[in-house]
Amino acid sequence: MKKFLLFFAMLLSANSDIFAQMPEFNPEVKRVAVFKNGYAFTYREGEATTSSGWAYTTRTPIGVLGTVWGYSTAPNTKVMQLLASEAEKSELERVTDIADILLANEGARIRFVDAYSNPSKSFEGTYEILSKNRNFKLSSVSTIQEINIALKTETGVMFFPITNIRNIEILGQPKYEKPKKTKESRLSIKVDGVTDGQKINLGIAALERGIRWIPAYRVEVKGEPIKEAKLELEAMLVNDLADLKNSDVYFVVGVPSFQFQNEISPLSLNATFAGVNTGFRRDQNLSNAIMTQTTSRESAGFDDGDISPTSPDEEKGTSFSAEQLYLYQANQINLKKGERMSQRLFSLTVPCTEVFEWTLDDSSKPDDEYARNTVITQPLNNKVWYGLRLKNTTGMPWTTAPAVSFRDWKPLGQNLLSFTPTGGDNILRVTPATEVIGSHKLEEKTREPKQMRFSGSTYDYDLVTVEGTIKVKNLKKQPIELVLTRNVTGDVLLASDGGKVTREGFNLQAVNPNSLIRWNLNLPTGEKEIKYTYKIYVRR
């Protein structure tokens with residue numbers, strides 16, 4: 001038993017020596033995949049010299065639960081263990097008061113006068129501090145009053161309360177710094193396959209919070225009529241996490257799923273996630289739309305110098321796909337913590353045509369409208385928009401982002417370009433139309449009483465047949481393309497002029513389905529009338 005205890009004590013002593021002599025290394029963020037929601041997957045790497053296979057760093061990531069791991073890029077080596085701990089750290093800081101000065105220079109030779117007993121006589125000698133508190137926490141008045149000075153003179157030792165001392169002179173060069181002990185978090189790495197003194201490259205990967213990117217487009221239209229446009233995507237990088245020094249940054253397009261993103265890893269001791277400056281988020285709906293890729297223009301809050309491209313030639317940055325995500329790559333990025341930057345990701349010419357777009361929605365309370373009126377004229381809250389139809393021929397998806405359009409340095413407008421897959425097309429609204437106007441009228445045709453049973457109860461309804469008439473007038477001298485969308489609460493029976501009918505958000509328990517009619521029309525100069533018919537159940 002004694003031998004076992006002796007062996008155990010020797011083992012503890014050996015481990016203590018190992019941790020005491022463990023060399024420190026300082027990893028930098030070499031690669032980072034940045035998401036638009038403020039999270040980023042960081043890869044911190046640095047050269048380390050191990051002792052008994054161990055090395056540590058104080059540059060610890062604040063990682064999400066289950067995402068922190070260590071790795072080595074050296075051949076035939078592997079990381080076996082990560083150890084999170086706290087260690088006491090000694091620093092020097094500037095003294096702030098007389099008590100600190102006396103503690104910092106204890107043992108020095110001083111000269112002073114006793115302001116109470118004999119203010120005309122000076123006293124000189126080396127001194128010691130007499131106090132219960134000697135750890136530089138003497139700032140309170142009550143504590144300072146408890147300090148005494150023991151002054152060693154040629155004849156003996158004299159004692160003075162610190163409150164009596166005036167005109168202190170430290171003979172020689174005084175010390176203006178005091179020791180300070182703090183706690184620091186350490187992450188130690190145990191590596192297998194290395195020898196003492198061997199230099200290897202160690203890394204720590206983690207999903208952290210503190211870096212986000214905000215996309216923005218510039219669209220420059222070309223030709224008369226417009227046939228193409230130069231599309232440029234820029235990434236605004238907001239860094240509130242750590243310095244980036246010649247780092248490779250991957251801007252992620254897509255909606256990541258990290259189930260435990262709000263849970264901090266136990267390897268991040270006494271830490272909280274870094275904040276992200278959200279100054280761009282003046283409109284929370286817009287911010288959510290940009291981060292989640294999909295939105296309607298209405299839900300994003302869109303109701304109603306030299307801005308030419310900075311790239312002399314068309315250019316396309318490195319990009320690639322990773323399963324359901326897409327990544328734009330930018331190399332050798334330098335960005336300090338707290339800084340922001342804008343990075344051009346691509347500048348490419350894509351097919352583009354002019355288009356007019358009009359979306360008509362139902363009233364917010366259709367039951368009331370149909371119950372009170374026989375003929376209903378719907379208010380024109382939805383404008384006819386002049387827009388640009390952009391075809392994605394870039395070979396990469398377009399993320400949801402604000403887009404500003406212009407021609408020959410003249411700005412045309414700004415709106416939201418929603419997510420567009422490779423090979424797809426999208427309409428970017430530019431400005432409300434002035435040369436294409438329209439009106440919309442709803443007219444009740446028939447009304448039949450009906451009864452429906454739900455959960456054992458009978459309810460009275462009216463089955464109302466409604467005819468809608470849309471009139472569009474083209475005041476331009478040339479034909480236009482019009483994309484007309486009608487969102488209807490009810491079952492569509494007929495749509496003229498080749499209108500395509502689909503159902504949106506089908507709900508088996510709903511009395512009335514949500515239907516959508518879409519027309520793609522080429523309208524010559526003049527007026528065009530479009531009709532459609534649908535039926536809707538209205539509660540009595």
Side-chain angles (χ1 to χ4, degrees), residues 28-44 61 64 67 205-219 231-258 261 274 276-281 286-295 309-311 314-348 350 392 394-404 416-422 426:
E28 305 282 354
V29 177
K30 294 299 182 183
R31 295 179 303 281
V32 56
V34 183
F35 300 96
K36 291 187 287 183
N37 61 356
Y39 284 86
F41 224 111
T42 60
Y43 296 83
R44 302 167 186 257
V64 168
T67 67
L207 177 65
E208 302 184 72
R209 193 168 74 187
I211 305 181
R212 69 180 296 220
W213 77 286
I214 305 167
Y217 292 103
R218 292 192 184 99
V219 182
L231 180 68
E232 299 179 329
L233 173 61
E234 288 197 353
M236 290 170 279
L237 190 59
V238 180
N239 181 14
D240 291 315
L241 181 63
D243 291 351
L244 303 182
K245 299 178 182 179
N246 295 320
S247 304
D248 296 334
V249 178
Y250 302 89
F251 302 91
V252 182
V253 175
V255 184
S257 176
F258 298 108
Q261 66 181 21
V276 180
N277 188 309
T278 55
F280 182 77
R281 294 194 215 172
L286 173 60
S287 178
N288 291 338
I290 292 175
M291 289 191 290
T292 57
Q293 302 297 322
T294 58
T295 183
T310 56
S311 299
E314 293 184 0
E315 56 188 34
K316 174 181 174 182
T318 305
S319 59
F320 55 90
S321 62
E323 299 301 333
Q324 298 304 307
L325 302 178
Y326 197 87
L327 296 88
Y328 297 103
Q329 181 178 350
N331 299 325
Q332 295 184 334
I333 297 297
N334 291 283
L335 189 67
K336 293 181 179 180
K337 180 179 178 179
E339 291 183 337
R340 286 89 176 95
M341 67 171 291
S342 177
Q343 175 71 31
R344 178 69 51 81
L345 297 182
F346 69 71
S347 175
L348 298 168
V350 299
N392 187 352
T394 61
M396 64 191 83
W398 298 343
T399 187
T400 301
V404 59
L416 191 72
L417 180 62
S418 57
F419 179 80
T420 310
T422 302
N426 215 332

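If you take OG1 on T400 and OH on Y217, they are separated by 7.5 Å, rounding to the nearest 0.5 Å. Distance check, rounded to the nearest 0.5 Å: CD1 of I211 to CG of L335 gives 8.0 Å. Annotation: the span from R44 atom CZ to E28 atom CD amounts to 9.0 Å, rounded to 0.5 Å. Rounding to the nearest 0.5 angstrom, the gap separating the CG atom in L244 from the CZ atom in R31 is 13.0 Å. In this structure, CG in L233 is found 9.5 Å from CG in L417, a value given to the nearest 0.5 Å. Interatomic distance, S247 OG to N334 CG, rounded to the nearest 0.5 Å: 7.0 Å.
For the salt bridge (charged side-chain N to carboxylate O under 4.0 Å, His left out) with D240, the lone residue among R212, K337, R340 that qualifies is R340. Partner E234 forms a side chain to side chain contact (heavy atoms under 4.5 Å, CB included) with one of S347, P215, S342 and no other, that one being S342.
The nearest pair of heavy atoms linking G395 to Y326 is O-OH, 3.7 Å. Smallest separation of non-hydrogen atoms from T42 and E208: OG1-OE2, 2.5 Å. The two residues Q261 and N37 come nearest to each other via the heavy atoms OE1-ND2, 4.2 Å. Listed here is the closest heavy atom pair of L207 and T67: N-OG1, 3.1 Å. The two residues N392 and P397 have their closest heavy-atom pair at ND2-CA, 3.9 Å. In terms of heavy-atom proximity, K336 sits nearest to N239 at O-ND2, 3.4 Å.
The side-chain heavy atoms of W398 and L231, taken from C-beta on, include a pair separated by under 4.5 Å. A heavy-atom distance below 4.5 Å is not found between the side chains of M396 and V253. For the pair Y328/Q343, no side-chain contact is recorded, criterion being any heavy-atom separation below 4.5 Å from C-beta on.
Every residue was checked against the salt bridge (charged side-chain N to carboxylate O under 4.0 Å, His left out) condition with E339, not counting sequence neighbours, and none meets it. Contacts of T420 classified as side-chain hydrogen bond (donor to acceptor under 3.5 Å, both in side chains), with partners at least two apart in sequence or in another chain: N426. Partners of A235 by side chain to side chain contact (heavy atoms under 4.5 Å, CB included), not counting sequence neighbours, listed by chain and number: W213, F251, L345.
Counting only N and O atoms by type, the side chains of K36 and T399 include a donor and acceptor under 3.5 Å apart.
Ring geometry for F258 versus F35: interplanar angle over 60°, hence perpendicular rather than tilted (30 to 60°).
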